[in-house]
Amino acid sequence: MTDSIRISLGARSYDVLIGEGLIARAGELMAPYAKTRRVFIVTDQNVARLHRPALVASLEAAGLANWTVTLPAGESNKSFIGLEMLTRHLLQAGAERGDLVIAFGGGVIGDLAGLAAGLVKRGLDFVQMPTTLLAQVDSSVGGKTAIDTPEGKNLIGLFHQPRLVIADAAVLRTLPLREMRAGYAEIVKIGLINDAPFFQWCEANAADVLACDPPALAYAIRHAITAKAAIVAADEREQGVRALLNLGHTFAHALEAHAGYDGALLHGEAVAAGLALAFAYAAELQLCPRQDAERVNAHLESAGFVTDLRKLPGAPFVAERLAALMKQHKKAVAAAPTLILAHGIGRAFVQTQVDEIRLLAFLEERTQ
Ligand code: NAD
Ligand code: GLY
């Protein structure tokens with residue numbers, strides 16, 4: 001069965017198709033968007049090895065001429081060097097306006113290929129084919145594309161919406177457990193933002209989702225995408241409510257930049273630690289019940305995440321450096337960090353005018 005969720009953005013609207021075995025139908029599904037019948041697959045070495053043959057067979061069956069650009073895997077390729085390599089490959093392969101780019105991989109490939117598609121010849125159309133849980137439930141939907149720099153995460157980027165998203169849950173069977181867990185962080189985040197019953201569902205079903213149990217996984221993916229679709233439709237360019245999708249992310253992005261994008265700390269692992277920190281900090285400011293912060297932390301730990309910064313991959317973290325990175329975050333206003341915190345489970349809010357001295361003391365307490 002294939003589910004379809006509409007991302008309603010006027011002329012930029014598109015569908016997210018979710019189901020098992022969709023790679024075999026990818027050619028037929030994306031053919032209406034391939035005006036020149038020429039497509040460029042952008043992927044990484046792991047996904048190419050495991051899943052490219054099935055995609056190519058499906059494109060050929062639909063009569064789509066195709067070329068593949070295969071990049072090394074990992075966050076470190078979401079960089080200026082990775083972007084240069086990819087955009088120049090596309091130009092050298094003769095990509096033209098009217099050709100279609102396929103981002104076939106996790107969030108790294110989605111963000112990088114989406115950005116390259118937005119830049120080459122001032123904009124090519126692209127399709128997202130997310131192959132990690134994280135990319136299926138979050139990064140492939142909503143049109144944010146970016147690369148990282150030493151100054152911080154995702155600071156160079158564009159909004160460039162895909163024409164279609166094809167999420168084949170069957171490809172997740174080859175995904176390592178650590179990567180499944182990283183994606184689960186963005187699922188549980190949805191419950192913590194504005195959906196306490198869904199958080200409760202997560203508490204009861206996390207193990208089944210992580211074990212790729214088909215009904216639990218399908219429910220979690222559909223629920224997370226539906227929630228994200230509503231927020232993106234209400235606020236495509238993040239002028240308001242979309243910021244809530246970054247609950248805990250000001251902490252998370254600083255942890256990732258501090259760790260150095262070398263694969264030691266995965267984005268989803270940083271998000272889980274960031275969610276725990278956001279609740280702990282809100283509790284310390286007496287903006288959130290302490291029991292809620294403890295419940296969130298307990299759930300994340302029972303799902304296998306590390307929330308103690310002293311033990312998190314990438315440690316030791318230096319509080320002053322984390323605080324400086326948080327000021328550099330995209331959401332900073334007048335050089336002061338913006339935090340997405342919560343008044344309780346399912347009650348996220350945006351906090352500007354953060355007390356930097358108090359925040360630094362909080363970080364010092366957790367890093368020493
Ligand atoms: P990733 O793209 O690095 O993929 C993780 C690993 O899994 C890689 O080694 C990849 O080769 C491998 N892989 C991918 N699919 C596989 C499969 N089916 N089987 C086996 N291995 C597979 O990481 P990710 O967690 O998917 O994405 C993280 C990135 O997403 C971060 O850069 C983050 O900033 C970004 N992100 C963007 C948004 C957005 O809105 N644009 C939202 C959330 C996260
Ligand atoms: N992942 C945050 C957003 O899409 O807005």
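Values reported hereafter were calculated over all heavy atoms of this structure, with side chains retained and with hydrogens, waters and symmetry mates removed. Remember, it's 1-based here, ligands and their atoms both numbered in the order they're listed.
- By the 4.5 Å heavy-atom criterion applied to side chains, N194 and I231 are counted as neighbours.
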Please tabulate protein-ligand N/O pairs under 3.5 Å for ligand 2, atom names and distances to 0.1 Å.
| from | atom 1 | to | atom 2 | distance (Å) |
| --- | --- | --- | --- | --- |
| ligand 2 | 1 (N) | D138 | OD1 | 3.3 |
| ligand 2 | 4 (O) | K228 | NZ | 2.7 |
| ligand 2 | 4 (O) | R242 | NH2 | 2.8 |
| ligand 2 | 5 (O) | K144 | NZ | 2.8 |
| ligand 2 | 5 (O) | R242 | NE | 2.7 |
| ligand 2 | 5 (O) | R242 | NH2 | 3.3 |

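- Judged by distance alone, the side chains of H51 and T131 never bring a donor and an acceptor atom under 3.5 Å apart.
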What's the verdict on side chain to side chain donor-acceptor pair (under 3.5 Å) for R52 and T43, showing C-alpha distance, side-chain angles and the deciding distance? CA-CA 8 Å; R52 179 181 171 275; T43 190; over 6 Å; no

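- Within a 6.0 Å sphere centred on CD of Q200, heavy atoms belonging to other residues, nucleotides or ligands number 12 at most.
- Residues W67 and L90 form no side-chain contact, since every pair of their non-hydrogen atoms from C-beta on lies 4.5 Å or further apart.
- Dense packing is recorded around CG of L158, with more than 12 heavy atoms of other residues, nucleotides or ligands lying under 6.0 Å away.
- Within 6.0 Å of the NE2 atom in H223, the count of heavy atoms belonging to other residues, nucleotides or ligands exceeds 12.
- A salt bridge is absent between D292 and R347: the closest approach of a Lys/Arg side-chain nitrogen to an acidic carboxylate oxygen does not fall below 4.0 angstrom.
- A salt bridge links R88 with E84: at least one charged nitrogen is closer than 4.0 Å to a carboxylate oxygen.
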Write none if no such pair exists; otherwise list each N/O atom of ligand 1 with its protein N/O partner under 3.5 Å and the distance.
| from | atom 1 | to | atom 2 | distance (Å) |
| --- | --- | --- | --- | --- |
| ligand 1 | 2 (O) | G107 | N | 3.2 |
| ligand 1 | 2 (O) | V108 | N | 3.0 |
| ligand 1 | 9 (O) | N46 | ND2 | 3.1 |
| ligand 1 | 11 (O) | D44 | OD1 | 3.1 |
| ligand 1 | 11 (O) | D44 | OD2 | 2.7 |
| ligand 1 | 11 (O) | N46 | ND2 | 2.8 |
| ligand 1 | 15 (N) | T131 | O | 3.2 |
| ligand 1 | 15 (N) | T131 | OG1 | 2.7 |
| ligand 1 | 18 (N) | T131 | O | 3.0 |
| ligand 1 | 18 (N) | V171 | O | 3.0 |
| ligand 1 | 18 (N) | T174 | OG1 | 3.3 |
| ligand 1 | 19 (N) | T174 | O | 3.3 |
| ligand 1 | 19 (N) | T174 | OG1 | 2.7 |
| ligand 1 | 26 (O) | G107 | N | 2.8 |
| ligand 1 | 26 (O) | T132 | OG1 | 2.6 |
| ligand 1 | 27 (O) | G107 | N | 3.1 |
| ligand 1 | 32 (O) | E75 | OE1 | 2.7 |
| ligand 1 | 32 (O) | E75 | OE2 | 2.9 |
| ligand 1 | 32 (O) | K78 | NZ | 2.8 |
| ligand 1 | 32 (O) | K153 | NZ | 3.3 |
| ligand 1 | 34 (O) | K78 | NZ | 3.1 |
| ligand 1 | 34 (O) | K153 | NZ | 2.9 |
| ligand 1 | 41 (N) | D111 | OD1 | 2.9 |
| ligand 1 | 41 (N) | K144 | O | 2.9 |

